[in-house]
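The block underneath contains the structure these notes are about, expressed in C-alpha cells.
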Amino acid sequence: MKFFLDTANLEELKLGASYGIVDGVTTNPSLIAKEGRPIEEQVARICEIVDGDVSAEVVSTEAPAMIAEGLKLAKIHKNIVVKCPLTRDGIKATSALAKEGIRVNVTLCFSAGQALLAAKAGAYIISPFVGRLDDIGSEGMDLIRSIVVIYQNYGFKTQVLAASLRGPMHVIDSALAGAHIGTMPFKVLDALFNHPLTDRGLEQFMKDYNKAFHGNTAG
Ligand code: E4P
C-alpha cells in the first residue's frame with residue numbers, strides 16, 4: 001500500500017519525508033488555501049520535498065477550462081497528477097486529459113457508480129472519501145471494498161486511493177480492503193507509530209541493559 005500525505009504544509013511534508021515511507025502527496029483547494037500561496041508555487045515546492053505523485057486540483061468547473069488548467073498544472077513537474085472533481089464536466093475533462101497522456105486523480109467520489117465512470121474515463125486514480133461518508137452516517141469503508149472488487153472484476157488499471165482518512169483504523173481497514181493508496185493527514189501518519197507496549201518494552205530493554213553494563217539501577 002502506498003502512503004500519501006494529505007497536506008500542502010511544507011513542514012509536515014519534510015517531517016513525513018524524513019521517515020522514508022511517504023510515496024506521494026494529495027492536495028485540494030482548501031489545503032492549498034490554508035498555506036496562502038498560489039497553487040503553482042506551492043505544488044512546485046512540494047515536488048522538491050517528496051519524490052512521488054503530487055495531486056494538484058483544478059479550480060475551474062467547466063470542462064474546457066478544466067482541461068486548460070490541467071494541461072498547465074501538468075507542466076509544473078513530471079510528478080504532478082491533475083485532480084478533477086467527479087462531476088459531468090470533471091469526467092469530460094478526465095477523458096480528454098487521459099487521452100493526452102496526463103494522469104488524472106478523480107476526486108470527491110462517494111459511490112461505486114461514480115468510481116466506474118472515472119475508471120471508464122481513464123482515470124489514473126480514484127479518490128473515494130471514507131471519513132465524509134462516515135460523517136453522514138454511511139459506512140465509508142464499504143465504498144472502498146466495493147470499488148476494489150468492481151475494478152478487479154474488469155481489470156481496470158485505475159488505482160483506488162482511500163481518502164478522507166481520519167484515524168489509524170481507517171488506514172488499516174483500507175489496507176485490508178485492498179486500496180492501492182491511502183492518503184492521510186500528518187497526524188494520522190504519526191498516530192500509526194504509537195503503541196504503549198512499544199514504549200514500555202523499550203523502557204525495560206534500556207533499564208536492563210544499563211543495569212548490567214553501566215551499573216545504573218535507576219534505568
Ligand atoms: C483527498 O484527496 C482529500 O484532500 C482529503 O482526503 C479530504 O479529507 P477530509 O474529508 O478530511 O477533508
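Counting starts at 1 for both ligands and their atoms, in listed order. Just the heavy atoms: all of them, side chains too, but no hydrogens, waters or symmetry mates, feed the values below. Residue numbers run from 1 in the order of the sequence given.
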Report yes if some N/O of [X] lies less than 3.5 Å from some N/O of ligand 1; otherwise report no.
X: Thr27; value: no
X: Arg166; value: yes
X: Lys83; value: yes
X: Ser164; value: yes

Salt bridge between [X] and [Y], side-chain N to carboxylate O under 4.0 Å?
X: Asp53; Y: Arg103; value: yes
X: Arg132; Y: Asp135; value: no
X: Lys72; Y: Glu69; value: no

>> When you measure from the side chain of Thr158 to the backbone of Ala123, do you find a donor-acceptor pair of N or O atoms at a distance under 3.5 Å?
In response: yes
> For ligand 1, which atoms sit closer than 4.0 Å to a heavy atom of Ala163?
Replying inline: 1 (C), 6 (O)
>> Show me which atoms of ligand 1 lie under 4.0 Å from any heavy atom of Thr26.
In response: 2 (O)
How close does the nearest protein non-hydrogen atom get to [atom], and which residue and atom is it?
atom: atom 5 (C) of ligand 1; result: Asp6 OD2, 2.8 Å
atom: atom 4 (O) of ligand 1; result: Asn28 ND2, 2.7 Å
atom: atom 7 (C) of ligand 1; result: Phe129 CE2, 3.6 Å

>> Heavy atom to atom 10 (O) of ligand 1, shortest distance: which of Glu57, Arg132, Met184 holds it?
In response: Arg132
>> Applying salt bridge (Lys or Arg N to Asp or Glu O under 4.0 Å) to Glu48 and Arg45, what does each step give before you reach the verdict?
In response: CA-CA 5 Å; Glu48 282 167 21; Arg45 284 163 190 253; over 6 Å; no
> Do the two ring centres, one from Phe205 and one from Tyr209, sit under 6.0 Å apart?
Replying inline: no
> Hey, what's the ring geometry for Phe193 with Tyr19, parallel, tilted or perpendicular (30° and 60° as the breaks)?
Replying inline: tilted
